[in-house]
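All remarks here apply to the structure that follows.
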Amino acid sequence: MKVIFNKSDLVNALDRVQRAAQTKVTSNTNNGFFISAAGGNILIQANDYTIGIKTSCPANIEEEGVTVIAAPQLQSTIRMMPAGDITMEKGDHENLVSFQSGSYVSKFPTRDQVEFPDVQEMDHRNHCLVKCRDFADMVSLVSFAAANDKQKPIFSGILFEVTKNTFTMAATNTHRLAAKEITLDEEAAAEGRFIVPAGILSDVSRILPLYDDKSQV
């Protein structure tokens, strides 16, 4: 496996999945960053069984391959490397992967990718489209009212309610209540009500492309 990244592209991709990377070295799960280079595409993902994040990254693939890098220092190490191209390389039967930029070389241990909990995509049949900026604003406006008490898990989340043309978020800790409703540009494919953990929504909001007014989630 051999891939050449631009440093800024790799840093941005690792930043997007960092929240879901299990960086505790004492974890008995297959933690780390999953990197796949195949078919001209680079996919980077992480999954801590609470939240799973998958993203793409532009790069030049010289040799295809898949690896799981079990190193909490990966992100900070890449940040310290010189600007420009970074070459990631791993031999077929090696358990170390190297990152090189100029004379700077770092090596990290790898794990068996077969046991990695792959981030699965949904079929998107029952969905509604919300502008990313509207979604992030709604989370910001209601999340403060959610409970922090783990003994009340149902109140530590945010209620989603979807009707044909309306999307509503609401949160309460039984002492305060916050709610926000918006009108959808397109009618929802299906109606529904469900609760999502507030902490996960805050993480999702941080990785949304808010600079693009046309982007949707």
Shared ILVMFWY cluster between Phe135 and Ile195, side chains joined below 4.5 angstrom?
no
Of all heavy-atom pairs between Gln45 and Pro117, which one has the smallest distance, and what is that distance?
OE1-O, 4.4 Å
The complete set of side-chain hydrogen bond (donor to acceptor under 3.5 Å, both in side chains) pairs with one or both residues in residues 4-15, sequence neighbours excluded, reads Asn6-Ser8, Asp15-Gln75, Asp15-Arg79
From Glu187 CD over to Leu129 CG, what is the distance, rounded to the nearest 0.5 angstrom?
12.0 Å
Which distance, rounded to the nearest 0.5 Å, do you find between the OG of Ser202 and the CD1 of Ile158?
6.5 Å
Donor-acceptor check, side chain of Arg176 to backbone of Phe144, threshold 3.5 angstrom: yes or no?
yes
Does Lys131 reach the side chain of Asp185, with side-chain heavy atoms less than 4.5 Å apart?
yes
Could you tell me if the side chain of Ile78 sits less than 4.5 Å from the side chain of Phe5, heavy atoms only?
no
May I ask whether Leu184 and Met138 are part of the same hydrophobic cluster, defined by side-chain heavy atoms of I, L, V, M, F, W, Y residues being less than 4.5 angstrom apart, directly or through others?
yes
Same apolar cluster (I L V M F W Y, side chains within < 4.5 Å links), Val204/Ile53
yes
Are any non-hydrogen side-chain atoms of Phe108 and Thr67 less than 4.5 angstrom apart?
no
Reported OG1-to-CZ distance for the pair Thr55 and Arg16, which is rounded to 0.5 angstrom:
3.5 Å
I need the minimum non-hydrogen distance between Leu208 and Cys132, along with the two atoms involved.
CD1-O, 3.9 Å
Under the 3.5 angstrom rule, does the side chain of Ser140 hit a backbone N or O of Asp137 as a donor-acceptor pair?
no
Output for pair (Lys152 NZ, Thr172 OG1), nearest 0.5 Å, gives 9.5 Å
Please determine whether the number of non-hydrogen atoms from other residues, nucleotides or ligands lying under 6.0 Å from atom NZ of Lys54 exceeds 12.
yes
Side-chain donor or acceptor of Thr87 paired with backbone N/O of Ile4 under 3.5 Å:
no
On a heavy-atom basis, the closest approach of Ile182 and Asp134 is CD1-CB, 4.1 Å
Could you tell me which non-hydrogen atom of Ala190 sits nearest to which non-hydrogen atom of Asn126, and how far apart they are?
CB-OD1, 3.6 Å
ring-ring contact (aromatic ring centres under 6.0 Å, His included): pairs with one or both residues in residues 163-192, sequence neighbours excluded:
Phe160-Phe167
Hey, does Ile69 have a side-chain heavy atom less than 4.5 Å from the side chain of Ile35?
yes
Is Val105 reachable from Val11 through a run of I, L, V, M, F, W or Y residues, each pair having side-chain heavy atoms under 4.5 Å apart?
no
Val68 side chain reached by Thr110 side chain, heavy atoms, under 4.5 Å:
no
Just verifying a value: how many Å separate His127 NE2 and Glu186 CD, rounded to the nearest 0.5 Å?
7.5 Å
Is Ile154 reachable from Ile200 through a run of I, L, V, M, F, W or Y residues, each pair having side-chain heavy atoms under 4.5 Å apart?
no
In Å, rounded to the nearest 0.5 Å, how long is the span from CG of Asn95 to NZ of Lys90?
7.5 Å
Student check: side-chain heavy atoms of Met88 and Leu10 closer than 4.5 Å:
no
Kindly give the heavy-atom pair with the smallest separation between Ser76 and Gln73, and that separation in Å.
OG-O, 3.1 Å
Beyond-backbone contact of Phe155 with Thr174, side-chain heavy atoms, under 4.5 angstrom
yes
Look at the side chain of Glu64 and the backbone N and O of Gly39, then say whether any donor-acceptor pair between them is shorter than 3.5 Å.
yes
Kindly indicate whether the side chain of Phe34, heavy atoms from C-beta on, has any atom under 4.5 Å from the side chain of Val66.
yes
What are the two closest non-hydrogen atoms of Ala146 and Gly157, and how far apart are they?
CB-O, 4.1 Å
